[in-house]
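Notes for the one structure printed next.
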Amino acid sequence: MTITASLAPPPPAQLPLSRSLALGLAGAVAFGAAAGLGHGAAAILRGAWMSPALFVGGALLALPPLYLASSWSGSRSSAEELVSGVADVLGRTGVILLGLAAPAAFFSATLRTPSAWALLLAAVVSVGAAAVRSVSVRALSDGLAAAWIWSAFAVALGVRLLVALAHHLPLTVTR
Amino acid sequence: MNADAALAFPTVPAAPAVAPRETAFVPPPPVDLPPGPVARLELLLRDPDGFLSGLDRATASPDGGAVIASLTRTLLGAVVVGAGLFGSVIGAHRGGLQVLYCTVKVPLILLITLVVCAAPFVAFARAARLPLGAREVVALALASCARFALVLLGLAPFVWLMEGWSLGYHRVILAVVGVCVVAGTGAGRLLFSGLARSGPSGTRVGLAFVAVFALVGAQTSWILRPFVVRPRTEQVPFVRSLEGDFLGALGTTARSAMDPRIDIPSAPLVRTVRSAPSSAEVPCEGSSCD
């Protein structure tokens, strides 16, 4: 064991369900609002509801197929454990989004080219993909095929949500 | 009191009757951070693992706060001095006031980027459940920035040499970018070592750190431009207006370095050139100005 591991503060334990959900929601709201910061109050408000719609809504929509995939792959996790696991991942995603709010605000205020769209999309896709992978590893470790199928479904769901929200995206390019 | 008794050596405690159970693994002796700022910076450059070990001990010691505060001052000083001197070498390509501008702006790039990235760094570490507090994460990021600045300082003569060879605006920019890549590799070595000591997910967290830091750093350098000024620019501002972005400009620069006939400014430029026989001022645009 390294000195760091022995003397540094222990890793934070899993949060209760309600706190995880609140953290996920707060992080998504903060990130969305920050992404619209450079484009006026309306863009901030749009970002503040669209980002939770994407992340929290996506998690809720992907939950039932996750339970099916878990049961078909022979996992013994109960529905309550699955919900708790997804909420924990959502909470950690919220922490990441909360941290990314500062760079999002920075880019929103200073980047005024079409690259801003690509950057925002890349950030959202990266965080979403990491969350999907984390849930998949955690809940579907017993069945590789089920993990792949559910992951593909979750990614498709995310893309569908993104497309549905696309015409509301807060980042408008102003030259 | 007997003088002999007063000067007696303290008794050596007797060896424990039962030997410790785990004697096979002997961890490497922990290293304390050296007291002086120069020695600390030398350790940072020459022995990143030793520096990280010292940082661990400083963080865990009872007077860790004072040590970390003093170390923070040293690291900030290294960033300001190292990056500032590198900036002055970049500014020397144009000369005059631009030397002063770049001496101020290059350290600002690192410091602004660090401030913007501190929150995501702490968030990534917490989300990955690394046993690192916010203070350790920020200290590690600052130490990486200081190593970056020190390597920049070490490679500043290379940039000066390139400027002396009159290789042109675009090639000097590519030399600066190349030097930054080398310095970034040195800083990344420290960052990844520090995170890998904290757990198996440290490398992934390090990759996320680097991605965010590189993007924010590129954008910060873009909004604080110009650094290497085009030869035909008459008046050099401290910063330009918000237009274009770093990646687009880097692509243009790379194409121009390969083919000097290509020189596309990020915004349409209208300038005047004097024709030799008549001295009449003729408006020109883009590459025709050269």
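What's counted below: heavy atoms across the whole structure, side chains too, no hydrogens, waters or symmetry copies. In the text below, chain A, chain B and the rest are named by the order of the sequence lines, each starting its count at 1. Everything numeric in this text was worked out from a predicted model, so none of it was measured.
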Can you tell me which residue pairs pass the ring-ring contact (aromatic ring centres under 6.0 Å, His included) test with a partner in residues 192-218 of chain B, sequence neighbours excluded? B/Phe121-B/Phe209

Over all atoms of both residues, closest heavy-atom pair of A/Pro103 and B/Val116: CA-CG1, 3.7 Å

Residue list, side-chain hydrogen bond (donor to acceptor under 3.5 Å, both in side chains) with A/Thr110, at least two apart or on another chain: B/Gln219

Side chain, backbone, both or neither of A/Ala109 within contact of chain B (heavy atoms, under 4.5 Å): backbone

Is A/Arg92 close to B/Arg126 at the side-chain level, that is, under 4.5 Å between some pair of heavy atoms? no

Closest approach of A/Ile96 to B/Ala123 (non-hydrogen atoms, all atoms of both residues): CA-CB, 4.1 Å

Between chain A and each of B/Ala208, B/Ala119, B/Pro120, count heavy-atom pairs under 4.5 Å; write down the option with the most. B/Pro120

Within the structure provided, determine whether B/Trp222 and A/Leu111 are in side-chain contact (heavy-atom separation under 4.5 Å). no

Please classify the contact between A/Leu119 and chain B as side chain, backbone, both or neither, with a heavy-atom cut-off of under 4.5 Å. side chain

Side chain, backbone, both or neither: which part of B/Thr113 has an atom under 4.5 Å from a heavy atom of chain A? neither

Flag yes if more than 12 heavy atoms outside A/Phe153 fall under 6.0 Å of its CZ atom; otherwise flag no. yes

Contact origin within B/Val216 toward chain A - heavy atom pairs under 4.5 Å: both

B/Val212 versus chain A, heavy atoms under 4.5 Å apart: side chain, backbone, both or neither? side chain

So which part of A/Leu98 gets closer than 4.5 Å to some heavy atom of chain B, the side chain, the backbone, both or neither? neither

CZ/A/Phe106 to OG1/B/Thr220 distance, rounded to the nearest 0.5 angstrom? 3.5 Å

When every non-hydrogen atom of B/Leu215 is compared with those of A/Phe107, the smallest separation belongs to O-CZ, 3.4 Å

